[in-house]
Amino acid sequence: MIDSAAGLPIRTPDQRLRIFVSSTLKELEPERRAARAAIERLHLAPVMFELGARPHPPQELYRAYLEQSDVFVGIYWEHYGWIAPGDEISGLEDEYRLAPRDMPKLIYLKQPAEREERLGDLLTRIRDDDTASYTPFSSTEELAELIEADLAILLAERFDASRRQSAPSVAESVAEIPGATDHIPVPYTEAVGREQEVATLLDWLGDDAQRLVTLVGPGGIGKSRLAIEVARSAGAPFDRVTFVMLEHVHDPGDVLPEIARELGVRDTGDRPLSAQLGVARSGRRDLIVLDSFEQVLPAAADVMSLLNDLPDATFLVTSRARLRVRGERVFDVEPLTIPPDPSRASVAAISEAPAVQLFLARARAADPRFDLTDENIEGVARICRALEGVPLAIELAAARIRALTPTAMLGRLDRMLPLLVTAARDIPERQRTIQATVEWSIDLLSADARALFVRLGVFAGDFSLDAVEAVTARAPWATDLLENLLELVDGSLVRQHDDEGVPLFSMLVPVREIAAARFALEPDAAAVRRAHGEHYLRLAAEIEPLLQGRTQAGALARLEAERDNLRAAYRHLITIGAVDGVARAVWRLFLYWWIRSQLAEAKAWMEDILDAGVPMRDHTRAIALGLRAWVSLSQPGNEVDLGPIEWSLALFHAVGDRLGEAGALTTLSIACTATSPPDLERAEGLQRRALELVTIEEQPTFEGLFRVALGSLALMQGDADRAVEVFEGVLEDARRQGDVFLESLTLANSGWARLARGEARPDLFARHLELSLQLGNDDGIGFALEGLAACAAAAGDVERAGVLLGAGETVRLRTGLVDQRSNVTYRPFVERILASDGAREFEAARGRGRRMSRRVALDLVLDSAEPMAS
């Protein structure tokens, strides 16, 4: 079952591993709570005893649970524990003795302490036990961190050991790397003259001791292009290669979130992101490429954290400066080999030089008629030598071949470079050369195109034509904007491409830096930044109605394409105190954040707004309080506080925002189901009030989602028939409206409702999976695999149930969407299997499912004709 109104996963710990916790009850009660929380954060099941006044559970009880547990955690302080009448040792010692020798044992000792003598004797024996890990701690916080870290490391080690010991099945042997090419940028051009560098770097990266390699060189030297070529060639031994472009990231604090996004890991906000990444990528051999790191060098500390939290990952970094951290190996990227002196070399020797080959390739791209001849080859050679083999400089020069012959081009370079070198002696030689080349290309532009180039420095990432129009409005030189933009494209200063059908423009990093530097000096820069921000506020207003119904897919693609600028705009507006517009825009795009599993980021913005310390409208406060509360309900460890939700509800009502009021009522309804005990009667009353505030004509998606929430409440109340009836009605409306997201969520909820009344419908979950993939909804993929596993279990197919559930667990693990508030979904089905004769077969299949690549797991579901690998 899924609580669709809030997008909250409803599940319980999957109990794939049981962690037995042994300790005295009273003196270590705070530590026991901390241990439980740490274990549950890893999505494991703590085995603990809370038997009221009984000082220790009966021996037969903890003996039975020890036999079913996987890891022993002992927490000790001062007391030896209660000795039952007729016994000679305490239950505390008996638990340790009964733990199987081959069971991993993690022992934690609280300091300082005045320990009872018998406890001291027990600890001495534990110290001599080579199967136990032994660690002191002084606070509950430290204990929680130790347990979480130790368990994560233990699981990774055990996974690696089991992977080495068992032969892979057909499905398991399918490498994940083919799918990983989706995470590497497609180069605009063919790599020229870097074969030796690629071979050397692949050799370095294949050495387990080389976990951090930095490609260092000035702008335009070809670091990024070299990194792309290495990434494309990496293959084994890496499970996956992920390319993280940081050219649009300027705040070091945004580096980890950007890495998480590229890895497909969602920040749930309940613990450090580095630790979440460590859990999500545990057991995977990753090559992570961090491109353009020089502008976020303080984030080197975060890279070091990742080196610790992702022990199987290797990092390839491109930067103009070294990171200067432990373990870094630096590779200096040199220019392309230049041709020999043309006055002494043959035409063949000149033609073979990589720098000349690059010039020829780019010149032909600009003018297909161009070729090397006896008349022009000396000029080309001298240009490449003058530009010292710097790739970007050569590319920019070659792009001018339509307007200038090599001889004319060479004359301009001879006059310009010495002046620039003299004017900027504090800049490295090659960097002065690339800057000179870019400046030269800019100076060849018309006056209007040069002015436009400077204005484009306001953009943080790719940008659309209407965004350009917004930041150039009323500029006297912008009368023929499109013509000026095409002039920049022709000069290789701006590139044009399509992203999901949306025409976008972009600039290479060195070019963008020059544009940004010039823009910062403009007297009207502040006004232009404000115009930039207001454009992306308007974009939210334009896109909002398109996020519902048949236009949903196009709207999602448009927002994804301009994501970097959207984020930069909203952050800037928050910085200058313009919080009202940002809150409204984020609220308008609520469905985007939900569908793309980015609600935690929206919540962070709302917290920034509430902490900004500036006057805000009641509507702004209502949005910030309501959205923060909505997201918090999905995050474990957050107390259910009805106060802020009720405040948000009152504010929405006061300002007349009926949809906002309905959303706040739904949030309050969900909160009532999460209290202890749940108040389902009040929850239903609140949800019915929410439905009274919206109509299917005005808000078709939200009206449907609120009805789905009502159906979920019926299911919680045990009325599966009523729930199915509600879901069928919503499905009919969603399909008529062409609303893929509403249909997807309703299918999953309908599947769980039918399972509740004994009717397995795997077709509903399979269709939910297809739609989730279509939407890019990672959370939905996890729900679909869990539902399909439950259907298989209900049909008695124990092996398929195990494989699908294991695959679903890995999908959630790899995307970071594991630490979410729990409710019942597949737990009853799993518990029945674990209590049956099929438990061993189920767990074995579950292990295979966990080791499956995402591609193989999805093929297993989507291609029903393909037999499951055993």
Side-chain angles (χ1 to χ4, degrees), residues 11 14-17 43 155-156 158-183 235-242 263-265 279-287 310 312-313 762 765-766 768-770 772-773 777-793 797-818 826 829-830 833 838 840-870:
R11 58 156 186 78
D14 60 17
Q15 299 185 353
R16 61 181 180 272
L17 285 179
H43 202 46
L155 295 181
R158 292 285 165 137
F159 177 82
D160 285 344
S162 66
R163 184 168 58 179
R164 288 191 297 270
Q165 293 166 4
S166 58
S169 67
V170 174
E172 295 156 11
S173 65
V174 177
E176 194 173 1
I177 194 66
T181 57
D182 294 339
H183 304 277
F238 298 105
D239 296 320
R240 166 172 164 164
V241 181
T242 302
L263 284 168
V265 177
V279 173
R281 301 305 299 168
S282 174
R284 292 288 183 174
R285 183 77 193 277
D286 284 309
L287 174 60
L310 281 73
D312 298 314
F765 290 108
H768 170 58
L769 175 60
E770 292 175 356
S772 296
L773 289 167
N777 180 238
D778 291 329
D779 213 10
I781 296 170
F783 284 133
L785 291 172
E786 291 160 359
L788 287 162
C791 289
D797 191 340
V798 172
E799 182 185 14
R800 185 176 178 85
V803 168
L804 290 173
L805 185 58
E809 290 165 357
T810 296
V811 166
R812 290 204 180 279
L813 183 71
R814 300 302 177 209
T815 56
L817 297 171
V818 291
Y826 54 84
F829 303 95
V830 173
I833 293 177
R840 183 181 297 275
E841 180 185 5
F842 174 80
E843 289 293 9
R846 195 176 188 178
R848 293 201 304 275
R850 289 180 187 141
R851 295 191 295 275
M852 275 186 179
S853 70
R854 170 172 156 145
R855 168 184 286 184
V856 172
L858 296 182
D859 285 348
L860 175 65
V861 176
L862 298 176
D863 187 2
S864 57
E866 179 180 334
M868 185 174 61
S870 60

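This one's a predicted model, so the numbers in the text were calculated from it and none came from an experiment.
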Enquirer: If you round to the nearest 0.5 Å, how far is CD1 of Ile833 from CD of Glu841?
Expert: 9.0 Å
Enquirer: Once you round to the nearest 0.5 Å, how far does CZ of Arg281 lie from CG of Leu310?
Expert: 8.0 Å
Enquirer: Checking side-chain contact (heavy atoms from CB on, under 4.5 Å) between Thr810 and each of Arg284, Arg851, Met852, which is the one that passes?
Expert: Arg284
Enquirer: Looking only at non-hydrogen atoms, find the nearest pair between Ala784 and His768 and report the distance.
Expert: CB-CD2, 3.6 Å
Enquirer: Find the distance between CG (Leu769) and CG (Asn777) and round it off to the nearest 0.5 Å.
Expert: 10.5 Å
Enquirer: Atom CG in Asp779, atom OG in Ser772: separation rounded to 0.5 Å?
Expert: 8.5 Å
Enquirer: Are any of the side-chain heavy atoms of Leu773 and Ile781 separated by less than 4.5 Å?
Expert: yes
Enquirer: Would you name the heavy atoms of Arg240 and Gly264 that are closest together and state the gap between them?
Expert: NH2-N, 4.2 Å
Enquirer: Please report the closest heavy-atom contact between Leu805 and Glu786, naming both atoms and the distance.
Expert: CD1-CG, 4.3 Å
Enquirer: Phe765 and Phe783: which non-hydrogen atoms are nearest, and at how many Å?
Expert: CD2-O, 4.3 Å
Enquirer: Do side-chain atoms of Asp239 reach the backbone of Arg285 as a donor and acceptor pair under 3.5 angstrom?
Expert: yes
Enquirer: For Val811 versus Asp778, what's the shortest heavy-atom pair and its separation?
Expert: CG1-O, 4.5 Å
Enquirer: What are the two closest heavy atoms between Phe829 and Ala790, and how far apart are they?
Expert: CD1-CB, 3.7 Å
